[in-house]
Amino acid sequence: MDSQTSRTPFEAQFETHDGQSLFYRHWPTADNAPQGAVVLFHRGHEHSGRIAHLVDELDLPGHAFFAWDARGHGRSPGERGYSPSLATSVRDIQTFVDHIAAVHGIPVERIAVVAQSVGAVLASTWVHDYAPRIRCLVLASPAFKVKLYVPFARPGLKLMHKLRGKFFVNSYVKAKFLTHDPERIASYQQDPLITRPIAVNILLDLYETADRIVADAAAITVPTQLLISGADWVVHRAPQDAFYERLGSSVKERIVLDGFYHDTLGERDRAQAVAAARRFIVREFESPSPPVTLLNADRSGAFKDESDRLAQPLSPASPAGIYWALTRAGLKVGGMLSDGVRLGHQTGFDSGSTLDYVYCNQAQGRFGVGPVIDRNYLDAIGWRGIRQRKVNIEELLGMAIGSLCAAGVPVRIVDIAAGHGRYVLEALAAKGFNGTAAQQVQSILLRDYSDINVRQGRALIRSKGLSDIARFEKGDAFDGDDLAALDPAPTLAIVSGLYELFGDNAMVARSLGGLSRAVPPGGYLVYTGQPWHPQLEFIARALTSHRAGSAWVMRRRSQAEMDELVRQAGFEKVAQRIDPWGIFTVSLARRTA
């Protein structure tokens, strides 16, 4: 059941990356020349018609409004309450915003987001993972932790999901516990588009993703307003407060609305919540807050503090010191049996040789039990993320090559820290460039600092049949002047898995600066990031680096920080991919004039 508005909405669809046509409503401005846009994201179980009333109530006639029906909800297709993953729905937001920019001419920099409940989790995850430079973010009663009143419900659902696969859980929430507004209660009960079931994979993803976003809220730097319902029966408040306290935004507001139930923007007395959101949005459009710069995040801030803590040695007699000593000893034993673990000890768990072994994904070992240990090692979430990163690199390489070919620009590729170069060479072979490469790819230059990687990479070039256009040489990825002098000048540069290993932003800026001098305007850069890792302490305390066997301590960069470094060098991000766990990103940027 849709709310009526004084502005006439247009109904349309946009296509997702996997071919779904999602429904949305668009309320244009009277003169069709909007100052900006407000994008609305509905609660779980609901649809865009349930938040249409906000178009009038926010009273922003100079702004266009957009609201979608999330996949599996309202008038969008798909099984009711189902999405392949929460990450898929988050990517849908990026696709939606790209559609708004392309079709309606409103860039992301002139977009404000207002999102509620599950929609607020999706929106905050999008802002965290994709680092869009939106004008501001308003989150109403974000469902960072849903109240499950059945004891041990979450582990029970996880076990059932493992045993049964896909199944659905019906919402237990009655309309009278969502709002005090009798009209909203009645319309909720009568609305045929309300989706009461939720797929268990989405419910479990919601918990895990929300835990990640709350823990890592420091990565969110856009101006953010948090509206908290003071008498919420549906979600817990503590994670909302923790999220607010950890926010990296220099401009943030927290407003607690006493007595409000969960449907914050649909409550009987919602005028005070709506007025607060309107004030916040108007201020950020009339006097935009200066963006938070992260160029010095390697010197101070949450992620510098985190890496400093992980680099601090533990007392050998402390419980933590004993635990990690035993873990390292266990890995030594594992290295006697597992080929992958042994290779990590020999060359570093962050080395090109280790990555090539992970890409191959063939469990090997000794004495029968070795391959079992090796399979467990290769199936670690970080290595699964690495393999997905390879898939994402291949996709964006194909996109960049296609764009260059369409523009009639010769494709000259350089990878400045290629390891063995497997992901580049296999991407080209998979895209059909093998054999006819000369027609589309003019040259491929792979570089690495390691003699082993250079030797193995040259052998791989021969095995892939690319010797006519590809060569491998030794090179320093942080020598900006050397990179600037690359000959022939590359039109497509790749930096994969490198910057994540070095916390010093001056080094990264020097490298990117060299590439910006080498790549002409209109050329492309593919770069990776690691904004999150669930095993960061394990890596720092138990694994060794390729750098003289030292501890593998990483300073994480948020996606916003990585993008700012790239932007400062003269590139503008045009596409991004991220794995389902939020660990590794791959981005495509275009060299600006």
Side-chain angles (χ1 to χ4, degrees), residues 17-18 83-91 125 128-130 158 161-162 165-166 201-202 204-209 211-213 215-216 327 331 334-335 338-344 347-365 370-397 419-420 422-424 426-427 430 496-498 500-501 526-543 545 552 554 556-557 559 576-587:
H17 71 282
D18 57 352
S83 174
S85 67
L86 203 77
T88 300
S89 296
V90 172
R91 183 171 173 182
T125 303
H128 177 282
D129 289 358
Y130 289 81
K158 188 175 290 189
H161 179 50
K162 190 172 183 179
K166 182 171 68 175
N201 69 301
I202 293 299
L204 293 172
D205 274 1
L206 180 67
Y207 273 98
E208 292 176 4
T209 303
D211 287 346
R212 173 170 67 89
I213 299 307
D216 204 42
T327 301
L331 282 169
S338 157
D339 284 6
V341 177
R342 182 168 63 257
L343 182 65
T347 66
F349 287 90
D350 59 348
S351 69
S353 296
T354 291
L355 286 185
D356 197 63
Y357 188 83
V358 169
Y359 289 147
C360 291
N361 197 26
Q362 299 293 322
Q364 301 175 61
V372 177
I373 296 172
D374 206 46
R375 173 46 54 201
N376 186 63
Y377 168 74
L378 288 170
D379 285 346
I381 190 169
W383 294 146
R384 282 185 282 153
I386 285 287
R387 289 191 289 273
Q388 182 59 47
R389 184 179 74 180
K390 177 178 180 287
V391 173
N392 291 338
I393 289 172
E394 291 174 356
E395 180 188 351
L396 293 189
L397 279 178
H420 291 188
R422 184 174 299 277
Y423 56 88
V424 178
E426 289 189 351
S496 173
L498 175 68
E500 298 93 303
L501 304 180
V526 173
Y527 62 99
T528 62
Q530 183 189 278
W532 173 258
H533 202 299
Q535 296 178 318
L536 210 61
E537 185 163 17
F538 170 79
I539 292 169
R541 303 291 186 196
L543 303 185
S545 168
W552 183 6
M554 292 180 284
R556 289 189 296 125
R557 282 186 184 87
Q559 191 62 34
Q576 184 190 307
R577 302 291 181 263
I578 189 168
D579 60 66
W581 312 282
I583 302 174
F584 296 108
T585 63
V586 182
S587 301

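Being a predicted model, the structure only gives us computed values, none of them experimental.
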**Q** Please round to the nearest 0.5 Å and tell me the distance separating atom CE of M554 and atom CG of L536.
**A** 5.0 Å

**Q** Between T354 and G348, what is the shortest heavy-atom contact and its length?
**A** OG1-O, 2.8 Å

**Q** So, using salt bridge (charged side-chain N to carboxylate O under 4.0 Å, His left out) as the criterion, who are the partners of D374 when residues are at least two apart?
**A** none

**Q** Looking only at non-hydrogen atoms, find the nearest pair between G382 and H533 and report the distance.
**A** CA-NE2, 3.7 Å

**Q** Please name the pair of heavy atoms, one in W383 and one in F349, separated by the smallest distance, quoted to 0.1 Å.
**A** CH2-O, 3.3 Å

**Q** The criterion is ring pair (Phe, Tyr, Trp, His ring centres under 6.0 Å); which residues satisfy it with Y357, sequence neighbours excluded?
**A** none

**Q** Does a side-chain heavy-atom distance below 4.5 Å link W552 with L501?
**A** yes

**Q** State whether R212 and E208 are salt-bridged, where the test is any N-O pair (Lys NZ or Arg NE/NH1/NH2 against Asp/Glu carboxylate O) under 4.0 Å.
**A** no

**Q** Taking the side chain as every heavy atom from C-beta outward, state whether R389 and D579 have any atom pair closer than 4.5 Å.
**A** no

**Q** How close do P531 and G582 get, heavy atom to heavy atom, and via which atoms?
**A** CG-O, 4.1 Å

**Q** Kindly write out the residues that satisfy salt bridge (charged side-chain N to carboxylate O under 4.0 Å, His left out) with D356, not counting sequence neighbours, or none if the list is empty.
**A** R422

**Q** The criterion is side chain to side chain contact (heavy atoms under 4.5 Å, CB included); which residues satisfy it with E537, sequence neighbours excluded?
**A** R309, L310, W324, R541

**Q** Can you sort out the partners of D18 under side-chain hydrogen bond (donor to acceptor under 3.5 Å, both in side chains), two or more places apart, ordered by chain and number?
**A** T16, R71

**Q** Applying side-chain hydrogen bond (donor to acceptor under 3.5 Å, both in side chains), name anything that partners T209, two or more places apart in sequence or on another chain.
**A** none

**Q** Salt bridge (charged side-chain N to carboxylate O under 4.0 Å, His left out) with D339: which residues, sequence neighbours excluded?
**A** R342

**Q** Go through the structure and list residues passing salt bridge (charged side-chain N to carboxylate O under 4.0 Å, His left out) with K166, not counting sequence neighbours.
**A** E79

**Q** Got a second to check how far T585's OG1 is from R557's CZ, nearest 0.5 Å?
**A** 11.5 Å

**Q** What's the spacing between I373 CD1 and R375 CZ if we round to 0.5 Å?
**A** 13.5 Å

**Q** Do you know the tightest heavy-atom contact between S587 and Q559?
**A** OG-NE2, 3.4 Å

**Q** Is there side-chain contact between V90 and Y130, with heavy atoms separated by less than 4.5 Å?
**A** yes

**Q** Side-chain contact test, heavy atoms from C-beta onward, threshold under 4.5 Å: evaluate it for L543 versus L331 and give yes or no.
**A** yes

**Q** Run the side-chain hydrogen bond (donor to acceptor under 3.5 Å, both in side chains) test against Y527 and tell me which residues pass, sequence neighbours left out.
**A** D563

**Q** Among V358, T528, I583, which residue satisfies the side chain to side chain contact (heavy atoms under 4.5 Å, CB included) criterion with I386?
**A** V358

**Q** Return the set of residues passing side chain to side chain contact (heavy atoms under 4.5 Å, CB included) with S85 (not counting sequence neighbours), or none when no residue passes.
**A** A87, T88, D205

**Q** With D216, which residues qualify under side chain to side chain contact (heavy atoms under 4.5 Å, CB included), at least two apart?
**A** H128, A219, F303, W532, R556

**Q** Return the CG to CG distance between L206 and D211, rounded to the nearest 0.5 Å.
**A** 9.5 Å

**Q** Using the test side chain to side chain contact (heavy atoms under 4.5 Å, CB included), find all partners of R384 that sit at least two apart in sequence or belong to another chain.
**A** I381, R387, W581

**Q** Just wondering, do V586 and V526 contact through their side chains at under 4.5 Å, heavy atoms?
**A** yes

**Q** Where do E500 and G529 come nearest, in terms of heavy atoms and distance?
**A** OE2-N, 3.7 Å

**Q** Tell me, do K390 and N361 make a side-chain contact under 4.5 Å, heavy atoms counted?
**A** no

**Q** Could you grab the distance from atom CD1 of I578 to atom CZ of R91, nearest 0.5 Å is fine?
**A** 11.0 Å

**Q** Do Q388 and V391 have side-chain heavy atoms sitting under 4.5 Å apart?
**A** yes

**Q** If I take atom CZ from residue R577 and atom CD1 from residue I393, how far apart are they, to the nearest 0.5 angstrom?
**A** 13.0 Å

